[in-house]
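Numbers here simply count residues along the sequence, with the first being 1.
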Amino acid sequence: VRELALQSGHHVRDLALQSGHLIPRLQNLTIDVRELSIHLRKLALQSTSLIVNDVRELALQSGHHVRDLALQSGHLIPRLQNLTIDVRELSIHLRKLALQSTSLIVNDVRELALQ
């Protein structure tokens, strides 16, 4: 019993020494984890602000593109209206030509019939 008590005493003393060495390490690890947490928060804030800035920049660029497209379409609409007028006039002109050619054909057929 005495021998067992001595051995368990040695084990308890060894465990106490080991825990004595481990406690400062655990405290340092806790400090390191806190600092890492603070650093990660800072990085998260920085990345968030970068993302916000990128989104702002993209929004500005798309705004410029939309404005440019609106200006271009403003220039194109009168051109399209002119083109529509030109197509109408061409259609009228083609109808007139079709009528003239039809009357010419009819006249030629009459002439041939008479001959």
Side-chain angles (χ1 to χ4, degrees):
V1 170
R2 199 180 287 146
E3 187 61 32
L4 280 173
L6 282 173
Q7 285 177 6
S8 64
H10 291 304
H11 289 307
V12 168
R13 191 175 349 122
D14 290 345
L15 286 173
L17 284 172
Q18 288 176 5
S19 66
H21 293 300
L22 285 177
I23 288 172
R25 287 185 190 168
L26 286 174
Q27 288 170 340
N28 289 340
L29 184 60
T30 304
I31 291 168
D32 290 345
V33 168
R34 276 192 202 132
E35 288 174 0
L36 181 61
S37 173
I38 291 167
H39 191 64
L40 287 174
R41 277 193 206 123
K42 287 179 183 175
L43 282 176
L45 287 173
Q46 287 173 357
S47 63
T48 303
S49 68
L50 285 176
I51 290 169
V52 167
N53 288 338
D54 287 348
V55 169
R56 253 191 223 132
E57 186 63 30
L58 282 173
L60 285 172
Q61 287 175 6
S62 64
H64 292 308
H65 290 313
V66 168
R67 191 176 339 123
D68 291 345
L69 285 173
L71 286 171
Q72 288 174 7
S73 65
H75 293 301
L76 285 176
I77 288 172
R79 288 185 191 165
L80 286 173
Q81 289 170 342
N82 290 340
L83 184 62
T84 305
I85 292 167
D86 291 345
V87 169
R88 278 191 203 130
E89 289 173 359
L90 182 61
S91 174
I92 292 167
H93 191 64
L94 286 174
R95 277 194 208 123
K96 287 179 184 175
L97 283 174
L99 288 172
Q100 287 172 1
S101 64
T102 303
S103 67
L104 286 174
I105 291 170
V106 168
N107 288 340
D108 287 348
V109 169
R110 265 195 211 132
E111 187 66 33
L112 281 172
L114 288 172
Q115 290 175 2

Rounded to the nearest 0.5 Å, how far does [atom2] of [Y] lie from [atom1] of [X]?
| X | Y | atom1 | atom2 | answer |
| --- | --- | --- | --- | --- |
| D68 | S62 | CG | OG | 11.5 Å |
| E3 | Q7 | CD | CD | 5.0 Å |
| T84 | E89 | OG1 | CD | 11.0 Å |
| R95 | L90 | CZ | CG | 10.5 Å |
| S37 | D32 | OG | CG | 12.5 Å |

Taking side-chain hydrogen bond (donor to acceptor under 3.5 Å, both in side chains) as the test, write out the residues that go with R88, two or more places apart.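 Testing R88 for side-chain hydrogen bond (donor to acceptor under 3.5 Å, both in side chains), a comparison that skips the adjacent residues, returns none.
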Under the rule for side-chain hydrogen bond (donor to acceptor under 3.5 Å, both in side chains), what residues qualify as partners of H64, not counting sequence neighbours?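 Expected list: R67.
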Decide yes or no for [X] and [Y]: does some side-chain heavy atom of the first lie under 4.5 Å from some side-chain heavy atom of the second?
| X | Y | answer |
| --- | --- | --- |
| R25 | N28 | no |
| Q100 | L97 | yes |
| I105 | V109 | yes |
| K96 | L99 | no |

For the student: nearest non-hydrogen atoms of S73 and A70, plus distance: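 Taking S73 first and A70 second, the nearest heavy atoms are OG-O, 2.8 Å.
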